[in-house]
Novice: 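Mind looking over this structure? Questions follow.
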Amino acid sequence: MTRYEQLAQQLREQIRTGVWQEGDKLPSLRDTVRRSGLSLMTVLSAYQLLESQGWIRSRPQSGYFVAPARVTPRYSSSPPPLLPSETVDINAFIFSVLQAGNDPGCVALGSAFPDASLFPQHQLSRSLIKVARQMPSQGSGVTLPPGCADLRRSIAQRYAARGMEVSPDEIVITSGALEALNLGLQSLTRPGDWVVVESPAFYGALQAIERHQLKAVAVATDPQQGMDLDALAQALRQYPIKACWLMSHAQNPLGGSMPAASKQRLLALLAEHGVGLVEDDVYGELYAGLAPPLPVKAWDREGRVLHCGSFSKTWPPASGLAGWRRGSRPGSFSACS
Ligand SMILES: Cc1ncc(COP(=O)(O)O)c(C=O)c1O
């Protein structure tokens with residue numbers, strides 16, 4: 001746990017036990033820096049983390065205050081720990097829901113794409129034009145798999161900056177994360193195999209399972225703790241599981257992330273049963289705090305995790321990026337060993 005996470009945890013505990021109550025003003029950033037010996041950046045990150053989690057609120061010029069009592073969200077009906085299914089038949093339902101999004105009277109609250117108006121469009125366009133002018137001619141303009149070597153090297157450097165050793169040769173550029181996720185699932189399974197998915201899961205995972213004619217065991221997933229690992233262990237004992245598909249960070253649709261210790265236990269469980277992981281990390285670049293949390297891939301030493309990321313959720317939609325590399329949507333990638 002980083003220092004700012006430790007400080008946030010301390011403050012959270014103090015709020016939980018009533019040391020600080022609703023409406024109380026928390027010690028100022030400066031006081032906390034003086035008292036704790038931590039840097040201003042660390043203290044600020046801790047406060048911002050608590051604010052993003054709804055524990056405190058900032059008031060301009062006044063400081064940070066304890067937010068009104070949190071209501072812990074509860075499912076009206078908790079999913080069962082394990083839900084096996086020999087067939088997955090979800091496509092028709094998903095298309096009817098997606099179609100409803102075209103209805104002008106319907107607000108697509110489930111959309112996973114950021115609103116284009118939130119981005120500095122003008123600056124982005126200027127940068128893109130500048131880069132496009134500097135780009136060497138690409139001959140026919142078609143980049144064949146595994147994708148542009150420079151881009152794979154840049155992605156490897158982004159992994160390296162997070163302490164992860166992934167060589168450019170292990171990276172494949174795909175046309176969106178969904179393609180990477182599907183390729184990952186296909187490489188680990190054959191029709192009729194059993195796979196583990198989260199409950200609730202991103203609908204794309206269920207569609208992929210249907211398309212590849214797989215059987216699914218849905219394992220209960222909690223917004224704060226992630227997948228129920230005891231239930232996963234049971235599934236691994238009971239079924240000949242070949243692959244597991246999950247999101248360890250900013251899970252869609254729950255929004256929560258697994259604690260680092262759970263990510264390590266998950267990997268150990270999968271290793272014990274020789275099961276591969278398709279890790280959907282499309283929101284890996286979205287986080288509160290100073291550094292993004294590490295994906296399960298960070299602890300993988302044997303090429304068990306097929307890590308699939310994407311720029312499609314952090315670049316503005318329809319920004320003109322779609323045209324920058326003919327034949328592919330803005331960059332998604334999977335790092336496969
Ligand atoms: C959780 C999740 N995974 C994967 C995808 C697919 O990503 P891409 O648009 O890069 O194919 C999405 C898209 O909405 C998503 O929400």
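Whatever order the structure lists ligands and atoms in, that order sets their numbers, starting from 1. Hydrogens, waters and symmetry mates play no part in the numbers below; they use all other heavy atoms, side chains included.
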Novice: Under the side chain to side chain contact (heavy atoms under 4.5 Å, CB included) rule, collect the residues that match up with Y203, sequence neighbours excluded.
Specialist: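 For Y203, the residues satisfying side chain to side chain contact (heavy atoms under 4.5 Å, CB included) (neighbours in sequence not counted) are I94, L98, Q207.
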
Novice: Counting from 1, what ligand 1 atoms have a heavy atom of G176 closer than 4.0 Å?
Specialist: 10 (O), 11 (O)

Novice: Taking atom types as modelled, find out whether S262 and Q225 have a side-chain donor-acceptor pair closer than 3.5 angstrom.
Specialist: no

Novice: Contact between ligand 1 and K313 is defined here as a heavy atom of the residue under 4.0 Å from a ligand atom; is it met?
Specialist: yes

Novice: Geometry only, no angles: is L178 polar-contacting ligand 1 at N/O separations under 3.5 Å?
Specialist: yes

Novice: Enumerate the atoms of ligand 1 whose separation from the nearest heavy atom of S310 is less than 4.0 angstrom.
Specialist: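 That gives atoms 10 (O) of ligand 1.
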
Novice: Exactly one of T189, D193, N182 should register a side-chain hydrogen bond (donor to acceptor under 3.5 Å, both in side chains) with H212. Which one does?
Specialist: N182

Novice: Does any N or O atom in A177 lie less than 3.5 angstrom from one in ligand 1, N or O only?
Specialist: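 Yes.
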
Novice: Considering the heavy atoms of Y283, write down every atom of ligand 1 situated less than 4.0 Å from one of them.
Specialist: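 It comes down to these atoms of ligand 1: 1 (C), 15 (C), 16 (O).
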
Novice: Give the atoms of ligand 1, by number and element, whose distance to some non-hydrogen atom of M247 is under 4.0 Å.
Specialist: 1 (C)

Novice: Below a 4.0 angstrom heavy-atom separation, can you tell me which part of E179, side chain or backbone, both or neither, approaches ligand 1?
Specialist: neither

Novice: Hey, what's the ring geometry for Y239 with W194, parallel, tilted or perpendicular (30° and 60° as the breaks)?
Specialist: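 Taking W194 first and then Y239, their aromatic rings sit tilted (interplane angle of 30° to 60°).
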
Novice: Partners of R16 by salt bridge (charged side-chain N to carboxylate O under 4.0 Å, His left out), sequence neighbours excluded?
Specialist: E13

Novice: Is a side-chain N or O of E179 found less than 3.5 angstrom from the main chain of G176, in a donor-acceptor match?
Specialist: no

